[in-house]
Structures are given as structure tokens and as C-alpha cells.
There are 2 protein chains.
Amino acid sequence: MKKPIPDIVIGRLPVYLRALQHMMDAGRSVTSSQELGERLGISAAQIRKDLSQFGEFGKQGTGYTIEFLAQQIQAILKIEKVWEIALIGAGDMGNALAAYQGFNQRGFHISKIFDSDPNKIGKQIGDYKVLNIESMESEIKKANIKIAMLAVPASVAQEVTDKLVDAGIKAILNYAPVSINVPEGVRKQYIDPAVHLQRMSYYLK
Amino acid sequence: MKKPIPDIVIGRLPVYLRALQHMMDAGRSVTSSQELGERLGISAAQIRKDLSQFGEFGKQGTGYTIEFLAQQIQAILKIEKVWEIALIGAGDMGNALAAYQGFNQRGFHISKIFDSDPNKIGKQIGDYKVLNIESMESEIKKANIKIAMLAVPASVAQEVTDKLVDAGIKAILNYAPVSINVPEGVRKQYIDPAVHLQRMSYYLK
DNA sequence: TAGATTGTTAATCGATTAACAATC
DNA sequence: TAGATTGTTAATCGATTAACAATC
């Protein structure tokens, strides 16, 4: 078995991709590891090393064709197609996520929204009606959805997580301010603004 | 000069703290590096090593007093007092952040909200009126605010960042889907849901 | 050709883990 | 006392950087 690509390398690819897409939007067509590095605050050597894990995408003396490299990274990250996403929680954060316009161009699309609050169930959010969380497992299975965004209170996050795992979800973006446990083979990422702020306050005077 | 604490260690402290606070809420009073580690998916050795960078907070044979350890971490992270925060951008994400109830108990408080859209300026969000972004620099200086949350479109993120830096901001939590450049001495953290999702889609079949 | 930049190797640097004496 | 768990050291593991031959 080949050595797996380090998780930390995978973690940087979306950042490279985002920068490349901004460059494309600006009409640029070629870049270099040095330019990308300066833009992102990452060493040029690291960018070249990261990319070389997946193939040879550049040309000596010239650099990288932006569009080509972006396509390659999209293929690596498996976002050439669009992934359907289940959003759990139709509170303020759920609503903001539902309204977010950036997902579609970046490989994701919210296709179902669930909540347990009778006052929210049936409400229209964007293109979708809020569904009863009771139907979550069957709906996710039926639609074969693999990714969920969790925007529920911390107190029910683990319980909902367990149901998502039962429903076949393999990746959870957790907005609830609590650590969740998932079995092997299920990925998770956390977004907790207070945690991110606390990572900076340490350095303040 | 003493060796600085690694950034990666600082990054884990808020996660430890969050778990400790959940334990307190559950009425618990003592824990161990092993229990914490299992809960967080981190090795017990790493937790002990991380904490030992700052002092001796535990007791052999017993473990850690939850309340005491939480207080110590709060002191380390400088969140014993509450930091005032400027929120830039009163769109969907800005509104969700303004409504978020979790900040106050965790060391932060949104005290001013800015936008450039005439339709939003003057609107009431929570306890505050949306202020004109033109007044941002002077308002931030006047209130001596050091932390900003940036929830503006990518296209203006760098421009607004530069103004925030001029206003004396030392920490930026950036929700705009673009890398920003800041001078030495200013911290930044990124929250981009698409980036987080892309870090997981790689692993999906 | 001359200049630029890649991909890769080896060296360096840093983080994690295993193990255990100390001690509650 | 016996059992448990810390704080710390040394060993291991992994990530980053520097340097350069290859080559466009």
C-alpha cells in the first residue's frame, strides 16, 4: 500500500485552489510557486512539494498554468462534480448557510434542510422547505447524501451526529460548539467562531 | 528570550477549555488527561505536554480539577475579561454572527457593526445600529477595539483589512473566502465553509 | 543561449508519543 | 499501602526548508 498523502497537505489544497480561482477571475493565466506562496504566506518550496505529491503540474522556467492547475486540484479534491449536502438546523447559522451563494461554484449544494422545531418545519428557506428532523435518516438515505453541515445546539449535536452516521453520512462540518465523536471512516471539521477568536486573543496585549 | 509556545499548542487550548466547560455544565468536578483525550480524540500524553508548557495544573493520582484548569486556560488565553469586537458586514453571515449567543460567556462581545450598503446602514441588529463603514476607522480607534470579524465580500476584503489595520485592529477572523495579507503583529484566522468541506471531500468515495 | 522555475533530495527543524520516576 | 495519574525526558515520527540538477 502506498503511503497516504498527509492530511495537512490535503488541508492546504483548497487554499491553493481558492487563490488560483481568484487569479483566474482577475484574468491571469500563469503563476509560480513563488507568487502563490507570497500571496498565501506559505513557502514556495512547500507549495511545490505539496503539488508534487499528486503529479507534475508545472513547467520549468515558466511555472503553472492557472486553469490547468485549478482543474487538477479540483479533480484531486473530488469537486469536479457537485456534492449534495444536508443542512441540519434552521436557526440563524442555518439560515446564513442556506443563503450562502458560494457553495455551488465550489463543489457543493445544499439540497435538504432539517430542524426539530415545529415553528420552523415547513418554513421556506431559499428553494427548500424545512423538513422534520424525524425524516432525516430516511431522506438522507433516499437521496444518498454523504455530507452534512451541523448547525444545531451543542446539547443535541452528538445525538444528531449519531443519526447522521446511521444515515450513511461520511463527512460532517460541525458548527455546534462541542466536540463530536464519529466512527472510523467518517470525517469531521469544526467551525466555532469563539474557538477561532480564542486562538488569537492569546497573542493580544 | 524564552522559547515561545508553539502556535499549534495555543490552537488546542480553546478546545480543551470548551470540553472542560461542558464537563462543568454536566456537574463534573475532576477529570484526567486520559478522559479529556478520549473525548477529544487527542492522546493523553499530548494534553499533559501541552498543559505543562504553562504550569503544573494537575495532581498525581487524581488528575485535574475542572474548574481550576478552566480558569487557568482562560487566563492563558486572556479571556478572563471580555474583548470588544467589531463586526464588518451586515449580510446573512454578519446577521447570524450578531445573533450568536455564545460569544459573551466565552470572552467576546460584538460591540459595533459596520456596512457600506445604504440600505443596511441605520438598521437595527440586536442591540446595535449598523454603522457606516466610512466611520469605521474612527469608531474602532475611539473604542480601542482590537479584534474584528470580517464578513464582507471577497472583492473588498483586502481593502477593508487594510483599514482595520490602520484602525489598530490586531486580530481578524476572516469569513470572506479569500486570503488576506496583514502586517507582522496582526493575527488572522479563516473560516470558509467551502474550504472546510473540500478538506473532507478528498476522502470520500 | 541565458534566465527562470520546476520537482526532488537531503538536512533541518519541530511535534508527538512512549515510558517512567515522582507522588498524591 | 496500592493504585492512579501527573510532569518530563528521550526516542520516534513527520513536516518544512534549503539547495540544486534538470529543463523549459
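In what follows, chains are A, B, ... by sequence order, proteins preceding strands, each numbered from 1.
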Would you indicate whether A:Glu134, at its atom CD, is surrounded by more than 12 heavy atoms from other residues, nucleotides or ligands within a distance under 6.0 Å? no

Between C:dT5, C:dG7, C:dT17, which one does the side chain of A:Gln34 approach most closely? C:dT5

I'd like to know if A:Glu35 and A:Arg28 make a salt bridge, using a cut-off of under 4.0 Å between side-chain N and carboxylate O. yes

Atom CD of A:Glu56 and atom P of D:dC24: how far apart are they, to the nearest Å? 10 Å

Any strand: nucleotide that pairs with D:dA15 via Watson-Crick or wobble, under 3.5 Å: C:dT12

Do the side-chain N or O atoms of B:Arg48 get closer than 4.0 angstrom to the phosphate oxygens (OP1, OP2) of D:dT6? yes

Counting just side-chain N and O atoms, does A:Tyr64 come under 4.0 Å of either OP1 or OP2 of C:dA4? no

Between D:dT6 (P) and B:Gln72 (CD): distance, integer Å: 16 Å

Tell me: CG of B:Asp7 to P of C:dT16, nearest whole Å? 12 Å

Are B:Ser33 and D:dT6 close enough that a side-chain N or O sits under 4.0 Å from OP1 or OP2? yes

Identify whether the distance between the nearest side-chain nitrogen and carboxylate oxygen of B:Arg12 and B:Asp7 falls below 4.0 Å. no

Look at the side chain of B:Arg12 and decide which nucleotide, out of D:dT6, C:dT16, C:dT6, has an atom nearest to it. C:dT16

A:Phe54 has an atom CZ; how far is it from atom P of C:dT6, in whole Å? 17 Å

Go ahead and name the base partner of D:dC20; Watson-Crick or wobble counts if both distances stay under 3.5 Å, otherwise write none. C:dG7

Between A:Gln60 and A:Ile42, name the one whose nearest nucleotide on DNA chain D is closer to the 5' end. A:Ile42

Among D:dA19, C:dT16, D:dT17, the one nearest B:Ile8 by side-chain distance: C:dT16

Kindly write out the residues that satisfy ring pair (Phe, Tyr, Trp, His ring centres under 6.0 Å) with A:Tyr100, not counting sequence neighbours, or none if the list is empty. A:Phe103

Taking only the side-chain nitrogens and oxygens of B:Ser43, find out if one of them lies under 4.0 Å from OP1 or OP2 of C:dT17. yes

Rounded to the nearest Å, what distance is computed from the CD1 atom of residue A:Ile5 to the C1' atom of nucleotide D:dG14? 14 Å

Presence of salt bridge, B:Asp192 and B:Arg199, under 4.0 angstrom: no

Atom CZ of A:Phe57 to atom P of C:dT8: distance rounded to whole Å? 11 Å

Could you say whether A:Gln53 or B:Lys49 is positioned toward the 5' end of DNA chain C, judged by the nucleotide with the nearest heavy atom to each? A:Gln53

A:Lys59 has a side chain; which of D:dT6, C:dT17, D:dC24 sits nearest to it? D:dC24

Could you state the CD1-C1' distance from A:Ile10 to D:dA15, rounded to the nearest angstrom? 14 Å

As a test of reading the structure: which of C:dT5, D:dT6, D:dT16 is closest to the side chain of A:Ser32, going by heavy atoms? C:dT5

Mind checking what makes side chain to side chain contact (heavy atoms under 4.5 Å, CB included) contact with B:Ala143, not counting sequence neighbours? B:Lys112, B:Ile145

Which nucleotide, D:dT8, D:dA15, D:dT17, lies nearest any side-chain atom of A:Pro6? D:dA15

Quick one: A:Gln46 CD to C:dT6 C1', roughly how many Å, whole number? 16 Å

